[in-house]
Amino acid sequence: MGLSVDQQVKRILDGVDEFLPSEGDLRARIESKGTLRVKLGLDPTHTDLTIGHAVVLQKLRDFQDMGHTAVLIIGDFTALVGDPSGRSKSRPQLTEADIAGFAKTFADQAGHILDMDKVEIRYNSEWLAKLSMRETIELTQKITVARMLERQDFSTRYKGEIPIYVHEFLYALLQGYDSVAVEADIELGGTEQKFNLLMGRQVMPDYGQEPQMVLTMPLLVGTDGVEKMSKSLGNYIALTETPRDMFGKVMSIPDNVIGNYFQLAVGRTADEVAAMERAMEQGQNPMDFKLDLAEAITARFHSPEIAKEERDNFKAAFSDRDKEAIAEEVIVPEHLIVRVPLPDAKQYTEDDLAFYAIINLGEGVEGVMLLDIVPAMVELGMVGTGNEARRLISQGAVKLSGRRISPDDKLVPIKDGELLEVGKKKAYRVHLQ
RNA sequence: GGUGGGGUUCCCGAGUGGCCAAAGGGGGCAGACUGUAAAUCUGUUGGCGACGCCUUCGGAGGUUCGAAUCCUCCCCCCUCCA
């Protein structure tokens, strides 16, 4: 608020990957118009936004804070077409009902970052659905097939004998038309959006408008540390992630992208990041930085208090290997429990006996309870199939009260409230009815 | 419309009559190790109350004791020609 033009330009360009055509144009437009219309389009193709989206949303928020108008476009129409950017195959076709559902949650999620009181939200079906065939054809006359094929997404697909559909060519043009419809001064996007953003620039003059400027933000790398964070690759951290998963997923990133995350996800400056990287090179444990990072990210999207709790939990669960902390409560259905009178139980070793709960089977007969372990793991949702359960057991991944279950144990002695561990990451507190 | 190549398990990609639930890689999962859910190494990766049975190699039929593999028709992708 009330920043000078120079200050604004500086803040706008902070952390961007590229600004086109030039800083001079940006300055000139702010000077002549005062308030700029800043466009960001999101296609509702999945249920949730990721912290990768947050990078660009935060930039949009910066514009808001300086008094500019944020125009958030929910691409309910373009989602139907499918953005080919960065894709090695066509998107699966979504139904309008899917998209409508996603669109609703998108606006809510964007609200975590944007000032929703001041944002202008538009659905692009508002104008795109109304385009006539004639208008559509006019739009397609703005670009040649050769230029379309130039873009890498298409050329690699073409060379790789992977189908490209005609409607995919339309995508960038439609996005460009969005800019016409909202009279954008600047459009934001990730670096992979450059082609689409420039299309707006190309199209706008034909509709008598001054071409928009283009601002791209660096991409946040996914949790695998290699690919771009994306929902289709499954390497993402959603904004709606539970604090536990959010913290955990940050901890799972490779060390070499810690800096990338600090800079993009929590807005640390390049200098701060460089200092951290130096410290790590000199032998400081990267895990400590990652804990700070995970806490900062969780704090940003949840709250500092929750983030602190998750940090403690993480240390307990993984550094100290405390399964109690992460155990999930489950109740075992009666039909998975076998009650055996004591004489039968005697065939088990003395070592086992320590784990038996002696119960009264009625009529003065004492017995023990045994759990049918494989079906139990399936029915309680710990694994997907019986084979998976058997596999885990034979790999020594399943433990009851710290004791490894062997593949020979079909029925295992069990007491109420015991801790069942399935691998390193999952644990269950087992309750009998 | 014609021509040549191709459609294999989550993905990529071998396999061209039985030894194929199908090589190899990726991804996933597990174990060991560790500084973490990183890296590395090793194992594992269709289902099933399982030394056997069921489902799977674009789809539908057929040949055969036996088919991912051969034949017929169909669908789809890519190439080149129109």
Side-chain angles (χ1 to χ4, degrees), chain A residues 87-90 92-93 149 154-166 168 221-227 230 232-237 241-261 276-277 279-295 297-298 310-323 325-326 335-336 338 370-379 382-399 404-412 421-427:
Chain A
R87 302 220 124 221
S88 53
K89 51 179 82 164
S90 343
Q93 191 73 47
L149 279 174
F154 287 146
S155 66
T156 43
R157 266 159 72 173
Y158 199 61
K159 282 180 199 139
E161 306 194 344
I162 294 161
I164 301 168
Y165 293 87
V166 173
E168 297 184 80
V221 68
T223 52
D224 55 6
V226 180
E227 304 280 350
S230 97
S232 31
L233 291 174
N235 62 355
Y236 68 101
I237 302 176
E241 211 84 59
T242 61
R244 176 133 327 163
D245 285 340
M246 185 175 278
F247 198 101
K249 284 189 178 184
V250 176
M251 290 306 291
S252 78
I253 66 174
D255 293 347
N256 62 353
V257 296
I258 294 176
N260 179 268
Y261 271 65
M276 287 185 228
E277 277 167 357
M280 282 187 259
E281 263 170 47
Q282 286 166 3
Q284 272 210 45
N285 191 340
M287 185 183 70
D288 294 327
F289 289 99
K290 217 144 72 167
L291 283 166
D292 288 342
L293 175 66
E295 185 175 345
I297 290 176
T298 310
E310 290 305 331
R311 184 187 187 123
D312 294 340
N313 173 71
F314 185 88
K315 289 184 75 168
F318 297 104
S319 301
D320 308 335
R321 296 286 154 89
D322 179 4
K323 294 299 187 330
I326 57 169
H335 70 272
L336 293 171
V338 179
L370 302 172
L371 180 67
D372 199 356
I373 186 70
V374 170
M377 287 173 68
V378 176
E379 287 191 39
M382 299 168 187
V383 292
T385 63
N387 274 356
E388 193 180 343
R390 289 184 194 93
R391 199 179 300 137
L392 289 167
I393 290 170
S394 67
Q395 288 178 145
V398 182
K399 292 186 211 167
R404 207 158 256 179
I405 291 173
S406 107
D408 307 325
D409 300 333
K410 291 195 170 36
L411 298 173
V412 298
E421 296 170 50
V422 181
K424 268 187 284 210
K425 301 172 207 163
K426 288 193 280 190

Quick one: list whatever passes side-chain contact (heavy atoms from CB on, under 4.5 Å) with [X], sequence neighbours left out.
{"X": "A/N387", "value": "A/T385, A/R390, A/R391"}
{"X": "A/V398", "value": "A/M377, A/L392, A/I393, A/I405, A/L420"}
{"X": "A/S394", "value": "A/P407"}

Do [X] and [Y] have side-chain heavy atoms sitting under 4.5 Å apart?
{"X": "A/D409", "Y": "A/I373", "answer": "no"}
{"X": "A/L291", "Y": "A/F247", "answer": "yes"}
{"X": "A/I253", "Y": "A/N260", "answer": "no"}

Looking only at atom [atom1], what distance separates [N] and [M], rounded to whole Å?
{"N": "B/C80", "M": "B/C70", "atom1": "P", "answer": "27 Å"}
{"N": "B/A14", "M": "B/G49", "atom1": "P", "answer": "36 Å"}
{"N": "B/A21", "M": "B/A68", "atom1": "P", "answer": "9 Å"}
{"N": "B/G62", "M": "B/C77", "atom1": "C1'", "answer": "26 Å"}
{"N": "B/U72", "M": "B/A82", "atom1": "C1'", "answer": "28 Å"}
{"N": "B/G13", "M": "B/G24", "atom1": "C1'", "answer": "8 Å"}
{"N": "B/G1", "M": "B/C71", "atom1": "P", "answer": "24 Å"}
{"N": "B/C48", "M": "B/G59", "atom1": "P", "answer": "23 Å"}

Nearest-nucleotide pick for A/K425, side chain only, options being B/C29, B/G31, B/U36: B/C29

Residue A/M251, side-chain heavy atoms: nucleotide from B/A30, B/C33, B/U36 that is nearest: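 Nearest listed nucleotide: B/U36.
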
Value in whole Å for how far the [atom2] atom of [N] lies from [atom1] of [X]:
{"X": "A/I253", "N": "B/A39", "atom1": "CD1", "atom2": "P", "result": "12 Å"}
{"X": "A/L392", "N": "B/G28", "atom1": "CG", "atom2": "C1'", "result": "12 Å"}
{"X": "A/N256", "N": "B/A39", "atom1": "CG", "atom2": "P", "result": "9 Å"}
{"X": "A/E421", "N": "B/A30", "atom1": "CD", "atom2": "C1'", "result": "14 Å"}
{"X": "A/R311", "N": "B/A37", "atom1": "CZ", "atom2": "C1'", "result": "16 Å"}
{"X": "A/D255", "N": "B/G35", "atom1": "CG", "atom2": "P", "result": "13 Å"}
{"X": "A/F314", "N": "B/G35", "atom1": "CZ", "atom2": "P", "result": "14 Å"}
{"X": "A/I237", "N": "B/A37", "atom1": "CD1", "atom2": "C1'", "result": "12 Å"}

Please give the nucleotide sitting opposite [N] as a Watson-Crick or G-U wobble pair, both distances under 3.5 Å, or none.
{"N": "B/G24", "value": "B/C12"}
{"N": "B/G52", "value": "B/C48"}
{"N": "B/U42", "value": "B/A30"}

Sequence-distant partners of A/Y261, ring-ring contact (aromatic ring centres under 6.0 Å, His included), two or more places apart: none

Syn/anti state for B/A50 [syn: chi within 90° of 0]: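 Glycosidic conformation of B/A50: syn.
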
For nucleotides 75-79 of chain B, print each protein N/O atom paired with a nucleotide N/O atom at under 3.5 Å, atom names and distance only.
unit_1 : atom_1 : unit_2 : atom_2 : d
B/C77  : O2'    : A/E161 : O      : 3.3
B/C78  : O2'    : A/E161 : OE2    : 3.0
B/U79  : OP1    : A/Y158 : OH     : 2.8

Sugar-phosphate only, base, or nothing, as touched by A/K424 at under 4.0 Å among non-hydrogen atoms: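 Counting heavy atoms under 4.0 Å across all strands, the contact made by A/K424 includes a base.
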
For A/K399, salt bridge (charged side-chain N to carboxylate O under 4.0 Å, His left out) partners two or more places apart: none

Any residue meeting salt bridge (charged side-chain N to carboxylate O under 4.0 Å, His left out) with A/E388, in chain and number order, not counting sequence neighbours: none

Where protein sits on nucleotides 43-51 of chain B, one letter per nucleotide: B base, S sugar-phosphate only, - none, heavy atoms under 4.0 Å: BSS-BBBB-

Residue pairs passing the salt bridge (Lys or Arg N to Asp or Glu O under 4.0 Å) test where at least one lies in residues 285-295 of chain A, sequence neighbours excluded: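 Only A/D255-A/K290, A/D292-A/R311, A/E295-A/R311 qualify under salt bridge (Lys or Arg N to Asp or Glu O under 4.0 Å).
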
Along RNA chain B (nearest heavy atom to each residue), the more 5'-positioned of A/G423 and A/R244: A/G423

Donor-acceptor contact present, side-chain A/K249 to main-chain A/T223, <3.5 Å: no

